[in-house]
Amino acid sequence: MPRFLSELAKRVLVFDGAMGTSLQAYDLPLSDYRGLENCSEILCDTRPDVVQAIHEGFLAVGCDAVETNTFGGNRIVLGEFGLEDRTRELNRRACEIARAACRKFETPDAPRFVVGSIGPGTKLPTLGHVDPRELLASFREQCLGLVEGGADVLLVETCQDLLQAKIAVQAALDAMAEKGVKLPLMAQVTMETTGTMLVGSEIGAVIAALSPFPLTALGLNCATGPREMAEHVQVLSGASPFPISVLPNAGLPELHDGKTRYPLDGPELARWLKRFVDDYGVRIVGGCCGTTCEHLRPVADALRGRAPVLREPKPKPSVASIYRAETLKQDASSLLVGERTNSNGSRLFKKLLEQGDLDGMTRMAREQAAEGSHVLDVCVAYVGRDEVADMEAVIKRFRTDVRTPLMIDSTELPVMERALELCGGRCIVNSVNLEDGEGRCDRVYALAKRHGAAVVALTIDERGMAKTAPEKLAVARRLLDIAATRHGLRPEDLLFDPLTFTICTGNEDDRRLALETLDGLERIREAIPEAGLILGLSNVSFGLKPAARHVLNSVFLAEAEKRGLTAAIVHAAKIMPLARIDPELRRVAEDLIYDRRSDGYDPLHRLIALTADLTVEKKVDRRDLPVDERLKARIVDGDRPGLEVDLAEALKARSALSIINDVLLEGMKVVGELFGAGEMQLPFVLQSAETMKAAVAWLEPYMEKTDGGGKGRIV
Ligand code: THG
């Protein structure tokens, strides 16, 4: 085991303070920089004495580790100074300088570590400043230099963009594989004063996107002082599977007479870091911008050698967009995956793709998110078109303009690969199967592993789609075995799809498809409980008219959830709560799903007959109801459009407070009862709550006027 890991297991480790601001304090002449203003890395060549002296200063006050002077040492940034061809050499050199400093201070009991610093560079790949492949090559070269130079640890730090972080991590892993070494690898992101990374990522998205990688620690550095980091450290403590590192600035920088000053002194920094160690189990501490030896001395005095405080994090397997995470297993409903951003699943999406209408496609994506989809299934397969180019164009828009995580739906490896390369969050790949044997399956798993994605695994093998429950389980086990033993994927990285096709053809062969699928769900859940279970729900009702499909899909979803389904590819707006489905229709749909026919009764025919007169938009017409009833129904149905008109009308007869307490809350009571009875699933409850919130917000100004300070009840 690398010494760094055995020391980390035993005690809190203290990293050093700032290199950048320490160099600035030397006020070196521009000639030392060879005229390359702000190129700190060149000082490894021109002023190794100064760089080494800074390292030694930190080691002298008790730091366990120093970071190499290679923050901007990747090919792209060095290229901005015309130094691109010295990338590897400067990184090697920086490690040697740091090592020379460490040698002076280390003893057999107190080793000192060289931490290879890999800064973020100057370009944000999520915003399209640089192509992921170019960025990967740039970081890879830096990492090769750091490995060759003898770094003990590689540290991807000060990340502003999750995609950049992932790419740098991949580059570090690639470089180590190439060199045949395995060094501890750390990642640290920078949370701005806004509470997110520069590109907008919440800390939950960071955890979701980076958890699949083999990190030694995940933490925070730069941008703010410790105070502003506290909340994120707390989240990391509860949810990150990795040891935590925290290297704050010496407070929020202040501008004084055109000069940047950092307000926090050493003792105060030490107090904060000690709190993080005590309360949140932080294992690595240190400083970033503005921190000097005088900051690190009290930190080392307070914390060096301290036994780590035990954490019991509860990581929840999640996926993420660049912005936010969604847990793969939602608390009280399925993970809803929007089906419409799919050229095979929506005529409109296909048409927009054909017309190159990215705005239109983005609008559809956002609409689905607004309807309650937690994730979007994205498929751009179109015969005769370049699927890789189409996927690239669509992903480049969706990754910034849509806040939900994405599911990459394609049968083509290069399409999956390009999509995964472009996404900073954590995607789901849809899908892998064994139709063409294990070789192809291996390639999809390898891609997912490389990019840290989750994978939908279809129960299809060389013989085709598994049709019975035992066969579905057998194929699922085989898919898991390959994923786990050959690719190091965990069961929670997989979502098994026991597949169903339509049960609405009338063919004898198709009658039992859905019920076998439901039994299959249950068997897989029992055998592999950590994995997710997903279905492309709408398949079950192909062939029926829309009104009948919505009923059957909704009833099928409810049945599947009872049997263990955790995710569903659906058109969320068309899923109805069971309570809103006519009881007879619901019974007939259940009979169809379970193939309960009898003499003279075929639930398929019955369902078709019962829905013959139903039109799709069976939007209940409430215009004849009294306004109070109308409002109450709006709450129960989560129906917002036009809400203001009804509220305005109601205000003529009642006060705002009375509308809330005597009308709207009555609606919420019904919602609560339906939810409690299992007749209304959580997404609908949330729609109702949103409608309630919108109503209260609209009424608020009237409350202040008419109800004199009465604030109403908090719902
Ligand atoms: N499992 C997995 N992935 C899948 C499926 C699956 N992806 C594709 C598909 N099946 C799930 N997606 C859809 C999307 C749309 C429809 C059905 C399944 C659908 N569309 C309407 C139609 O074709 O009639 C709407 C058409 C329109 O709007 O133009 O039914 O099983 N892992």
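For this chain, numbers begin at 1 and follow the sequence in order. Order of appearance sets the numbers: ligands from 1, and atoms from 1 within every ligand.
Assignment of Arg549 to the shell around ligand 1 is supported, since a heavy atom sits closer than 4.0 Å. Heavy atoms of Phe349 come nearer than 4.0 angstrom to ligand 1 in no pair at all.
When the heavy-atom distances from atom 25 (C) of ligand 1 to Pro546, Gly338, Ser346, Gly345 are ranked, the shortest goes to Gly345. Among Ile534, Leu535, Ile569, Thr341, the residue whose heavy atom lies nearest to atom 4 (C) of ligand 1 is Ile569.
At a 4.0 Å heavy-atom cut-off, ligand 1 touches Asn342 through the side chain alone.
For ligand 1, the atoms lying closer than 4.0 Å to a non-hydrogen atom of Val456 are 32 (N). Remark: ligand 1 atoms within the under-4.0 Å shell around heavy atoms of Arg347 are 26 (C), 27 (C), 29 (O). Heavy-atom contacts of Leu458 reach the following atoms of ligand 1: 32 (N) (cutoff under 4.0 Å).
Here the CG atom belonging to Asn430 is positioned 8.5 Å from the SG atom belonging to Cys379, to the nearest 0.5 angstrom. Distance check, rounded to the nearest 0.5 Å: CG of Leu533 to OG1 of Thr566 gives 5.5 Å. Atom CG of Leu336 sits about 7.0 Å away from atom CG of Leu557, to the nearest 0.5 Å.
From the protein, the heavy atom lying nearest to atom 17 (C) of ligand 1 is Ser538 CB, 3.4 Å. Shortest contact from atom 31 (O) of ligand 1 to any protein heavy atom: Asn539 ND2, 2.6 Å.
Side chains of Pro498 and Leu535 form a contact here, defined as non-hydrogen atoms less than 4.5 Å apart. Within the 4.5 Å cutoff, no side-chain heavy atoms of Ser201 are placed close to those of Thr196.
Relative to the six-membered ring of Phe213, Lys166 misses at least one condition, a distance below 6.0 Å or an angle of at most 45° to the axis. The side-chain tip of Arg340 does not point at the ring of Phe349 from less than 6.0 angstrom away and within 45° of straight on.
Within 6.0 Å of the CG atom in Asn507, the count of heavy atoms belonging to other residues, nucleotides or ligands exceeds 12.
Checked against a 3.5 angstrom limit, the closest N/O atoms of Asp409 and ligand 1 fall inside it. On a distance-only criterion, Asp497 and ligand 1 share at least one N/O pair closer than 3.5 Å.
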